Asks: 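Provided herewith is a single structure, encoded as structure tokens, for subsequent inquiry.
Note that the structure is predicted; figures quoted are calculated from it, not measured. Each chain gets a letter, A, B and so on, in the order its sequence line appears, and its residues count up from 1.
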Number of protein chains: 4
Amino acid sequence: MARIRVGILGATGTVGQRFVQLLDGHPQFIVTALAASERSREKPYEAACTWRLPGDMPVATRTLMVQAPEPPLDCDVVFSSLPAEMAGPVETRFAAAGYPVLSNSSSHRMDDAVPLLIPEVNAEHLTLLDACRGTGRGFIVTNPNCSTVMIALALAPLVAGFGVEAVAVTTLQALSGAGYPGVASLDITDNVIPFIAHEEEKIERETRKILGHLNGGRVTPADFAVSAQCHRVNVVDGHLAAVRVRLARPAEPAELGAAFAAFSGTPQALRLPSAPARPILVREEPDRPQPRLDRDAGRGMSVTVGRVARDTVLGHRFLVLGHNTIRGAAGAAILNAELLVAQGYLEPRR
Amino acid sequence: MARIRVGILGATGTVGQRFVQLLDGHPQFIVTALAASERSREKPYEAACTWRLPGDMPVATRTLMVQAPEPPLDCDVVFSSLPAEMAGPVETRFAAAGYPVLSNSSSHRMDDAVPLLIPEVNAEHLTLLDACRGTGRGFIVTNPNCSTVMIALALAPLVAGFGVEAVAVTTLQALSGAGYPGVASLDITDNVIPFIAHEEEKIERETRKILGHLNGGRVTPADFAVSAQCHRVNVVDGHLAAVRVRLARPAEPAELGAAFAAFSGTPQALRLPSAPARPILVREEPDRPQPRLDRDAGRGMSVTVGRVARDTVLGHRFLVLGHNTIRGAAGAAILNAELLVAQGYLEPRR
Amino acid sequence: MARIRVGILGATGTVGQRFVQLLDGHPQFIVTALAASERSREKPYEAACTWRLPGDMPVATRTLMVQAPEPPLDCDVVFSSLPAEMAGPVETRFAAAGYPVLSNSSSHRMDDAVPLLIPEVNAEHLTLLDACRGTGRGFIVTNPNCSTVMIALALAPLVAGFGVEAVAVTTLQALSGAGYPGVASLDITDNVIPFIAHEEEKIERETRKILGHLNGGRVTPADFAVSAQCHRVNVVDGHLAAVRVRLARPAEPAELGAAFAAFSGTPQALRLPSAPARPILVREEPDRPQPRLDRDAGRGMSVTVGRVARDTVLGHRFLVLGHNTIRGAAGAAILNAELLVAQGYLEPRR
Amino acid sequence: MARIRVGILGATGTVGQRFVQLLDGHPQFIVTALAASERSREKPYEAACTWRLPGDMPVATRTLMVQAPEPPLDCDVVFSSLPAEMAGPVETRFAAAGYPVLSNSSSHRMDDAVPLLIPEVNAEHLTLLDACRGTGRGFIVTNPNCSTVMIALALAPLVAGFGVEAVAVTTLQALSGAGYPGVASLDITDNVIPFIAHEEEKIERETRKILGHLNGGRVTPADFAVSAQCHRVNVVDGHLAAVRVRLARPAEPAELGAAFAAFSGTPQALRLPSAPARPILVREEPDRPQPRLDRDAGRGMSVTVGRVARDTVLGHRFLVLGHNTIRGAAGAAILNAELLVAQGYLEPRR
């Protein structure tokens, strides 16, 4: 099959660079267009972008000219990691112009017609797109906020196996989640910042949409309360979430561990290229998961759960950790795109 | 009044050095004896101890010889920050030999006859000592675990004003809490360690003893559940706790803020030398308290509360931060000693 | 004596906040005017400025309105920490309008008529100002680059005692030297940045001017070569410099140590309010000076020298460390101002 | 060819774990024996060793029993990363018992009969071993100190192309160089430690041996002075060295850059399995090399040079960076072993 041509919106940013890195050599996709904010335009990518990931910028993208993030672009699909303030209208214009849009931005996540997708968790939410089929219009598919992915992935087997009645999450989030330049070093060295703008609200509402049910062409949010307290800590990559959960029925901690370890979904069944063999790894050591040691598990696409135990207040607790710019952002959008290909929503335009 | 002569057990450790620093120039106490583990003995303090605090070792202690931590020592009272495995029997021997013992160690905190004291919170627990009075025996008074102090201080006005039914705490704790050498740099750089041995259990049970009630010569623990999840983060000093609380009666977040700000106790009423003007400071900025900016508030003896808000799961939430080696350790024991002096439990031995 | 009224240009920045902090309660100066870039103007300081230093913003400055950095301002003298691109013309306009300008900016440091002053080292360079006296015009006095101060202070006794023929410096500089937001945390966590724009050139030329000689109304630079290699490291405050030096005559390392320790200057002789008792402290431990332990020595106004030894290539070597926003910036300008007061160059304007 | 069976001495340490990781799947070697200090013995490796590298412990080594580091061991060659105080006599005993010893320890590096080897630089020093051939005795081959490797690699093309008269190095070294637990986090957070025991002496003398000449069965050290000042900085992996050099003949900085980039050696000619395509990479950006971005270049086996420029004191300067536990330790010993295989010094014992 001919590879599907990808345009990246926000190509010079932290997540945009991850898109470029992860799509280099991808069996289904090839990057053919790059777009970014004004300062970077009309320059080849290697001149427009200060590459901040270890290793070198992939050769194939170096000479692509950076364009304005407006249709038309020479591609079959766009991946968007535009800043929130731009993403809303720009993504709408691309969809209106017939492009499928895979968005990492928060603007459209809560739109009724837009799937907020984790392929292992709610692949069936893709049917929200069926209204668009055959209209010539494009569509928008979003991946969740970088912390929400980890939390919702870990909750999915608990919802299925035990029922969930309440969730209280406290996060310790990495610097790369704030983009570049992001957090000033003077603010975080020898320090913690106990605030990330809009993050708590995103976790609270996105988790409930992802774990919600299709109901006549829209998603009814899951009916349990989610509470999130968010902190920025001095870690480069890897978001850690300390989760307490009240389940609907009694369970031994070992049963939760088994449910985490046995969890698998559509990406694993379809052997999607970016799907990890196991979406949730369970560690038994008392001091794991740790960001530096566990963030790269499953090439950054697995989350790692640990310290599963009883909790005196909500009944059970555990930790979950994942790579925030891979499973939490660029890798999430790519896995979404792979699911779209597998289910016939995405193909070379012609 | 003649100053009371202090012996410090564990004088070369992280908390021991804080004792030496904070007692330098104290109006009521003077350090006359230093004791430490085998390696340091029979040397003057300046040779036995690698001073790790900013600033220089106080001149007055430099030439004191480091002795074995066994009675008799040339002092009226001992302050102990011995490691847990030594503290239990050693402190018992000092008490048996007639010394008042102010202990920062965990060994005796849960003993029925031993007050676990925060002077602003449960000064009345000192009456547990009355059984010893006039017997010629000494006694042990303990201060809580370094995280517990902050949490219990913050809960005290909520217990008094609204009633507390459940508490779920997630901590982000500083490196100095682990003593020296403590946490290996390779373990914590670009990382979080989601485990501190015995810490969660200490917070859960000590908080309930501190906020419990005297009942016929012992303390009945408070009857609410406490849940703690503890993390080590890359911060030198300052423990941060994210707290969710279920109150017994409805309250606006602003009422909680007012209760925190209005809180005051015996040390403030008695103007004890180490008492901060206000034990709990309340900050209104959305991103405070932060360890580096707030740990030194009230010369390290105030805790700082922030982000007081509603919580969808437990009803209310807030953050509390304090200096773990001052209010959380050495300063706590000194404030306890000052209260003992004020209430006639402690005086020069002859 | 009435206090001299101070205006601060760049009052909301990292160094500007240090000016405000260090001048709070100063016996000779009182802050009466604050100026900053456009975004901050026409607001009271407490609204215009996010205070980033530990402790609270001084009460006296909270309600001062932030103005444009243009004369006239209601003050007798201005302290400038404007960004380099603004400082040049703005400081010139203030001087032309009759204001003495104490500048921390680099714009005018190398001007022939402008003293580049370290009061312990080259107080006699102040005579460059004599041309202005009685003209009604103001003048500009600069303090050196934050690394240069430490290096030049340490070299001064070597120049005097042994003669200096060449200096090779390698710096490890703190984050606060880059201002706020300055260095992105993603760039410096688990990393070193081996480049600071213009820093090497500044050290190389400023050191030679400071240690140069007055010669007919201007300064002839010292005639030894200075080489600097600069690195940014993950430290909040405190610049460390590893120095190799070729002396003009043979000397034992102990002689250098004695020269450092004996060094004293005009500020010590005059007992200027901000002068440290000893400008250079010498530590004998093999692993000192260290930024976190030594930066606050002499309330941030002393530098600390250590590891004085022979060097196989240049003959001798040592380390020097100082607080880059106190002795290296705000404190330096204030000490300069105190010298100006003592020597009659600065007084209340009317 | 049958794979050569490797025993690892010090298998549970930082460098020992790197040996295990890098030898997993190696085409010429297979790990068949593990030895370590007393505490770890008689347990399978997975029980004896807390794995501290990202990713999991290789499956093949998990069940190997950890033995005492004494001959005999079931292997053809031993790789040693024993602590310095043990390495000397233990390695001597293994060599006496007929084992080739590839040592990362410092004990024997300066022995006359022992090659101190960097295969790209001084492969001819292997002829020091010819005296042992056919005797049935084993031998010891050492790799340099972790900083020295980077420095000597970078100096090699300068020695060859321009002549070197003096070298002054200032290092900024990573935490993993100190092993585990190594540097206490309290010592290095928000700090620099300007001292690493014995490191300066090692760099000064090892560099001269590596770049020295064979002379009648021993090595005459290079006759230029080397000066080293060493610092520990808050970086996980990757040693950075700021180098000043006086060359024997005039040269443009661009000529040095060309010499670095063109440098190649025996491992590249022989295509040894661990040899990087280019031993020295040259970066042109003003702010590179940086530890986090460049340490993994060439899978950790290339060093990266940058900021090549004139120096006002010694003539030229540049930076060099490399991965201290790969090219600077385990990878260095493995590359040495590969050269020994290629040149017939190492083969399966029977």
Asks: Which one of B:N234, B:I193, B:L172 has the most heavy-atom pairs closer than 4.5 Å to chain A?
Replies: B:L172

Asks: Only one of B:R292, B:Q290, B:R295 clears side-chain hydrogen bond (donor to acceptor under 3.5 Å, both in side chains) with A:N191; which?
Replies: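 So, applying the side-chain hydrogen bond (donor to acceptor under 3.5 Å, both in side chains) to A:N191 and each of B:R292, B:Q290, B:R295, only B:Q290 qualifies.
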
Asks: Looking at every non-hydrogen atom in both residues, tell me the closest pair between B:C230 and A:R307 and how far apart they are.
Replies: O-NH1, 4.4 Å

Asks: Is there any residue in residues 297-305 of chain A with a non-hydrogen atom under 4.5 Å from a non-hydrogen atom of chain B, and which ones are they?
Replies: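 The residues closer than 4.5 Å to chain B amount to none at all.
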
Asks: Hey, are the side chains of A:L240 and B:H231 touching, using non-hydrogen atoms and a 4.5 Å cut-off?
Replies: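 A:L240 reaches B:H231 side chain to side chain.
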
Asks: What residue in B:P291, B:S227, B:G306 has the most heavy-atom pairs under 4.5 Å with chain A?
Replies: B:S227

Asks: Name the region of A:A228, side chain, backbone, both or neither, that has any atom closer than 4.5 Å to a heavy atom of chain B.
Replies: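 For A:A228, the contact with chain B is made by the backbone alone.
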
Asks: Examine the side chains of A:R244 and B:T170 and answer whether a donor and an acceptor come within less than 3.5 Å of each other.
Replies: yes

Asks: Tell me, for A:E200 versus chain B, whether the close heavy atoms (under 4.5 Å) come from the side chain, the backbone, both or neither.
Replies: side chain

Asks: Which region of A:V233, side chain (C-beta onward) or backbone (N, CA, C, O), has a non-hydrogen atom less than 4.5 Å from a non-hydrogen atom of chain B, or is it both or neither?
Replies: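 Only the side chain of A:V233 comes within 4.5 Å of chain B.
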
Asks: Which heavy atom of B:P194 sits nearest to which heavy atom of A:P289, and what is that distance?
Replies: CG-O, 3.2 Å

Asks: Quick one: closest heavy-atom pair of B:D190 and A:D237, and the distance?
Replies: OD1-N, 4.2 Å

Asks: Do any of residues 312-324 of chain A come closer than 4.5 Å to chain B, heavy atom to heavy atom, and if so which ones, in number order?
Replies: A:T312, A:V313, A:L314, A:R317, A:F318, A:L319

Asks: May I ask you to name which of B:D287, B:L293, B:D187 has the most heavy-atom pairs under 4.5 Å with chain A?
Replies: B:D287

Asks: Which residue pairs satisfy the ring-ring contact (aromatic ring centres under 6.0 Å, His included) criterion with at least one member in residues 188-213 of chain B, sequence neighbours excluded?
Replies: none

Asks: Please identify each residue that fulfils side-chain contact (heavy atoms from CB on, under 4.5 Å) with B:R278, with sequence neighbours left out.
Replies: B:A261, B:L281

Asks: At a heavy-atom distance under 4.5 Å, which candidate from A:A197, A:G238, A:A242, A:A166 has the highest pair count against chain B?
Replies: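 Between A:A197, A:G238, A:A242, A:A166, the count favours A:A242.
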
Asks: What residue in B:I196, B:L175, B:I188, B:V169 has the most heavy-atom pairs under 4.5 Å with chain A?
Replies: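 The residue among B:I196, B:L175, B:I188, B:V169 with the greatest pair count is B:V169.
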
